[in-house]
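Structure record follows, encoded as structure tokens.
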Amino acid sequence: MSEFTPRFLADYQPSPYRIHQTRLVIDLDDHKTKVTSQLSMEKVATDSQPLELDGEHLTLVSLLVDGKEIAESNYSVSDSSLVIEGLSGEFTLDIVTEIDPANNTALEGLYKSGQAYCTQCEAEGFRRITYYLDRPDVMSIFTTKVIGDKASYPYLLANGNPVERGQLENGKHFVTWHDPFPKPCYLFALVAGDFDLLADTYTTSSGKDVALEIFVDKGNRSKAEHAMASLKHSMRWDEETFGLVYDLDIYMIVAVDFFNMGAMENKGLNVFNSKYVLADTASATDVDFFNIEAVIAHEYFHNWTGNRITCRDWFQLSLKEGLTVFRDQQFSADMHSAAVTRIKNVKVLRAQQFAEDAGPMSHPIRPEKVMEMNNFYTLTVYEKGAEVIRMLHTLLGKQGFRAGMDRYFEKFDGMAVTCDDFVNAMAEANNRDLSIFKRWYGQSGTPEVTIEKRYFDERLHLTFSQVTPASPSQPEKQALHIPIKVEFIKPASNEVIEELLELKSESETWSFDVPQSTVVAPFAEFSAPVKVHFEQSDDELLSIVEHAKDSFSVWEAGQSILRKEVVRLMQNDNDEISESVMRTFQAVIDADIDPAFKALMLTLPSFDEVTGSEQNVNAQALVEVLERLKIFVANVFEQPLLSLFDESRKSINSDAQSAPGQRALSSVVLNYLAVKPEHHELVSKLFGNADNMTDQLAALTIAVRQQTSGAGTLLQKFEQQWINDTLVMDKWFSVNTNIPSSDLFAHMEALKTRPDFEMTNPNRVRALVGAFAMQNPKQFHCKSGQGYNFLANMVVEMDKLNPQVASRLITPLIQREAFSGEYQKLMTQALETIIQSPQLSKDITEKLNAALAEQ
Ligand code: B3K
Ligand code: ZN
């Protein structure tokens with residue numbers, strides 16, 4: 001099992017060799033693409049280390065050093081490297097390799113997505129294209145000549161600017177691209193295909209015209225308009241917010257159907273999963289529109305945070321990812337409701353990152369040990385990483401943060417640096433000591449903060465104590481620097497006072513000159529990614545719901561009441577639902593607030609949000625309690641909910657910015673009403689009248705989850721309408737996995753045999769397998785273990801084709817910590833079946849090792 005070895009951050013050594021220039025000629029062919037690479041190199045180390053180039057799945061055709069063949073005794077080739085001895089000073093390598101893109105189902109390196117060629121090199125995919133120093137601190141100037149058949153591949157794209165193009169024999173043509181900015185090879189990209197092109201221009205704040213080009217499958221041009229608008233908004237926002245202006249003459253985005261993740265920020269040539277580009281109101285939901293804008297922005301922002309300044313080594317991934325996620329979150333907050341955006345970010349963090357941090361793959365945002373780098377593109381590195389950046393923003397203020405960013409670019413532009421370099425720039429520019437703060441980078445696990453409140457001497461005394469649970473690799477955890485924004489709500493006047501506290505030791509007490517029954521709302525804006533233990537009465541929480549200034553605190557107080565109720569009901573299953581839940585719902589239904597915010601306030605904590613913070617959970621009991629609460633709300637508030645549904649439907653003006661919020665509210669409300677068969681007609685009506693995907697999909701999902709009498713017919717209608725739209729059919733596959741009864745398993749087996757279920761397409765596999773495991777807790781955690789076994793089998797099948805995607809799918813099976821013993825046992829049994837399979841990938845092996853070592 002352990003033929004794979006991990007790498008350690010502590011072992012970092014600078015590269016003994018540099019690559020000044022990289023000149024590539026790539027002659028495309030489905031099974032025999034010829035890659036000619038000319039590298040102008042220099043040995044910078046003085047010892048006798050040989051040159052060890054990375055290379056996988058390559059056939060070496062020829063090798064020249066300074067134009068001459070070298071003796072076979074001077075080099076050796078293995079399945080992961082090409083090692084050359086006896087090099088010194090400056091020299092040139094000419095390496096010719098052959099690759100087989102059409103059989104590349106791992107979708108790393110050069111591969112085919114439908115009829116087009118495209119690449120994915122981050123983290124270590126360039127080594128599947130040619131032998132190279134495949135590490136982010138080796139930065140080189142790239143010139144790339146792409147050769148392909150002109151009729152099949154009219155567009156030949158690579159990074160930078162096009163400098164030459166021409167005709168060749170046999171119907172071939174070529175385009176040569178030059179990227180003037182030195183970059184690591186993970187940012188290399190090549191695309192060849194026949195596309196529709198949406199073209200536009202953007203004039204930067206410094207007056208330069210930039211060509212913007214979005215390439216999509218034929219017939220989809222109009223579906224790229226939203227992506228284009230999002231790109232322009234992102235460019236403007238980065239100029240206004242951080243003074244960052246785009247640096248090349250052209251910015252290209254290509255949408256492909258076969259892609260392992262969301263998108264990739266290759267310099268000047270982003271490659272995107274088509275899911276994050278294509279949208280129109282008929283086929284994409286409001287959430288899709290929001291996500292497209294966020295991902296377009298994220299990849300664009302990487303041009304500075306990631307590309308101009310990149311990572312010294314992959315352990316520093318959060319340097320670019322945490323920072324860029326923070327930037328895209330701030331952008332979304334500025335473009336939409338800041339409150340709603342923040343709450344949605346926190347929901348993801350608490351439901352998913354907290355579970356990761358409690359599970360076997362728990363790691364600091366700067367990991368110390370990695371076996372397969374692709375396993376570390378995690379919620380921890382991305383989302384917790386963004387929270388760490390946000391804490392700096394909170395501690396330093398908007399201007400201080402900007403000063404730190406300016407310092408970071410002054411010092412490190414064009415370099416490959418570390419997370420410490422970033423924090424040092426922030427500290428220097430603000431003259432602050434951030435040495436304790438840096439511990440956030442090296443310590444794993446979710447810190448827990450306990451708050452104690454006492455009143456004496458006419459002052460309120462608040463004691464904050466922190467502890468981060470020990471983990472196998474870190475038995476001793478240190479105190480962290482935790483910014484705590486607190487709101488005090490004074491009695492009678494309901495006047496609100498805000499304070500920012502900085503907890504830097506295990507425990508500290510602060511005193512405040514406020515009246516005795518002042519209500520405390522801690523962690524306003526969710527000012528730190530921690531779990532909070534604070535005994536508060538339902539009356540105090542309701543007072544926060546009604547009077548706090550910060551919307552996050554308002555939402556959080558409402559959710560606390562509901563979470564407490566869920567936990568209580570799980571322990572005492574015959575109990576009545578409490579008065580406080582009624583009062584909370586009543587207050588929210590009556591409140592005159594933004595519909596999108598109201599929708600969030602009316603949403604019960606999700607299954608994952610509860611398991612993200614509780615232990616020893618009986619999964620079926622939790623499903624049942626959440627269902628009971630839903631029925632209770634539907635019964636008690638039937639009339640007000642019906643009115644709310646009517647009102648929100650009537651007030652939708654599909655052209656207005658408020659439409660997504662109104663639609664979200666109406667579907668949250670309908671989700672309650674639909675527990676009563678007499679309201680099923682509302683569901684089919686919403687489906688039948690829908691002129692947009694948001695309503696159509698919401699109605700279909702509710703129908704399937706409630707198993708309304710018309711659910712089957714709606715599924716068929718939806719399929720007939722959208723059978724030719726791959727992205728919409730992904731939604732259809734997902735909805736099918738929401739069937740709450742155990743008939744689901746036979747149904748999923750049938751879905752797998754459909755000709756349009758392709759195991760080689762990650763979106764399709766995620767739509768079926770991922771959606772099942774994430775969206776249907778009742779069947780995933782069924783007591784027969786069938787849900788776990790289904791996932792285990794799919795992981796094994798997928799691992800043979802695409803390890804990276806398989807390794808993501810396995811997540812819900814390894815995160816057993818929250819569940820009670822019987823569930824943990826069944827999950828472990830499913831994992832043990834996976835380990836029986838021969839030739840598991842490095843990706844899956846790393847996760848299984850971690851998960852099974854825990855037992
Ligand atoms: N940087 C890429 C992620 C690459 C993942 C490789 N397994 C997309 C992003 O974060 O913007
Ligand atoms: Zn990113």
Side-chain angles (χ1 to χ4, degrees), residues 333 337-347 349-350 387 390-391 393-395 446-455 459-466 482-503 507-565 567 580-581 583-588 591 593-594 597-598 600-603 605 609 613:
S337 154
V340 169
T341 305
R342 182 70 189 129
I343 293 166
K344 287 186 177 163
N345 297 153
V346 175
K347 278 168 83 80
L349 186 87
R350 290 209 291 219
E387 292 299 320
R390 181 178 297 277
M391 287 190 284
H393 189 267
T394 303
L395 290 168
T446 307
E448 304 198 12
V449 175
T450 303
I451 308 172
E452 277 175 64
K453 187 173 137 187
R454 284 184 216 96
Y455 198 90
R459 291 176 74 82
L460 177 74
H461 305 268
L462 286 181
T463 302
F464 292 81
S465 315
Q466 60 166 307
I482 302 178
I484 306 171
K485 276 197 175 178
V486 189
E487 284 193 1
F488 297 93
I489 304 168
K490 289 196 183 172
S493 68
N494 294 321
E495 184 200 343
V496 175
I497 307 167
E498 293 162 308
E499 290 275 350
L500 174 62
L501 312 174
E502 297 186 29
L503 178 64
S507 182
E508 193 168 338
T509 302
W510 284 271
S511 304
F512 305 91
D513 185 10
V514 292
Q516 173 143 29
S517 44
T518 297
V519 173
V520 179
F523 292 95
E525 294 169 19
F526 194 64
S527 62
V530 301
K531 290 184 190 169
V532 184
H533 304 288
F534 185 24
E535 292 285 331
Q536 278 177 302
S537 68
D538 286 352
D539 282 340
E540 286 175 298
L541 291 169
L542 275 162
S543 160
I544 300 175
V545 170
E546 279 168 22
H547 305 297
K549 276 197 191 158
D550 171 48
S551 308
F552 172 80
S553 297
V554 171
W555 173 79
E556 176 68 343
Q559 292 288 302
S560 299
I561 294 173
L562 297 173
R563 271 197 307 265
K564 272 166 61 176
E565 187 74 355
V567 172
S580 311
V581 171
R583 282 168 61 201
T584 312
F585 272 90
Q586 190 66 61
V588 177
I593 45 176
D594 168 27
F597 183 61
K598 192 177 255 197
L600 285 172
M601 291 289 300
L602 289 178
T603 303
E609 284 173 280
S613 57

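Just so you know, these numbers come straight off a predicted model, no measurement behind them.
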Minimum heavy-atom distance R563-P605, with the two atoms named | CG-CG, 3.9 Å

Would you give the length of the straight line joining atom CD1 of I489 to atom CD of E540, rounded to the nearest 0.5 angstrom?
-> 10.0 Å

If you take all heavy atoms of S507 and T463, which pair is closest and at what distance?
-> OG-CG2, 3.6 Å

Derivation and outcome, side-chain contact (heavy atoms from CB on, under 4.5 Å), residues I544 and Q536 = CA-CA 11 Å; I544 300 175; Q536 278 177 302; 3.6 Å; yes

Trace of the side-chain contact (heavy atoms from CB on, under 4.5 Å) decision for V346 with E609 = CA-CA 10 Å; V346 175; E609 284 173 280; over 6 Å; no

Can you name the nearest heavy-atom pair linking M391 to S527, along with the distance?
-> CG-O, 3.4 Å

L460 vs V520 side-chain heavy atoms within contact, under 4.5 Å = yes

Which is it for V530 and Q466 under the side-chain contact (heavy atoms from CB on, under 4.5 Å) test, yes or no, and what are the steps along the way?
-> CA-CA 9 Å; V530 301; Q466 60 166 307; over 6 Å; no

With side-chain contact (heavy atoms from CB on, under 4.5 Å) as the test, would you mind laying out the steps for I482 and F464 before giving the verdict?
-> CA-CA 10 Å; I482 302 178; F464 292 81; over 6 Å; no

Hey, are the side chains of L503 and W510 touching, using non-hydrogen atoms and a 4.5 Å cut-off?
-> yes

Kindly compute the distance separating CD1 (I561) from CG (L541), expressed to the nearest 0.5 Å.
-> 5.0 Å

Under a 4.5 Å cut-off applied to non-hydrogen side-chain atoms, are T518 and P491 in contact?
-> yes

Given the rule in the salt bridge (Lys or Arg N to Asp or Glu O under 4.0 Å) test, do K564 and E535 qualify, once you have shown the distances and angles that lead to the verdict?
-> CA-CA 11 Å; K564 272 166 61 176; E535 292 285 331; over 6 Å; no

Distance-only, no hydrogens or angles: does the R342 side chain make a donor-acceptor pair with backbone N or O of E525 under 3.5 Å?
-> yes

Approximate separation, where rounding is to 0.5 Å, of E452 CD and T509 OG1 = 8.5 Å

Return yes if some donor-acceptor pair links the side-chain N/O of K598 with the main-chain N/O of A591 below 3.5 Å, else return no.
-> yes

Give, for atom NE2 of H533 and atom OG of S613, the distance between the pair rounded to the nearest 0.5 Å.
-> 9.0 Å

When every non-hydrogen atom of F597 is compared with those of V554, the smallest separation belongs to CZ-CG1, 4.0 Å

Which heavy atom of F585 sits nearest a heavy atom of L562, and at what distance?
-> CE1-CD2, 3.6 Å

T446 versus P529, closest heavy-atom pair with distance | CG2-O, 3.9 Å

When rounded to the nearest 0.5 angstrom, what is the spacing between CG in D539 and CZ in R583?
-> 5.0 Å

Determine the interplanar angle of the F552 and F526 rings, folded into 0 to 90°, and report it as parallel if under 30°, tilted if 30 to 60°, perpendicular if over 60°.
-> tilted

Would you give the length of the straight line joining atom CD of E499 to atom CD1 of I484, rounded to the nearest 0.5 angstrom?
-> 12.0 Å

Carefully, step by step, assess E556 and K347 under the rule salt bridge (Lys or Arg N to Asp or Glu O under 4.0 Å).
-> CA-CA 10 Å; E556 176 68 343; K347 278 168 83 80; over 6 Å; no

What is the ring orientation for F512 with F488, classed by angle as parallel under 30°, tilted 30 to 60°, or perpendicular over 60°?
-> tilted

Taking E487 for its side chain and D550 for its backbone only, find out whether a donor-acceptor pair lies under 3.5 Å.
-> yes

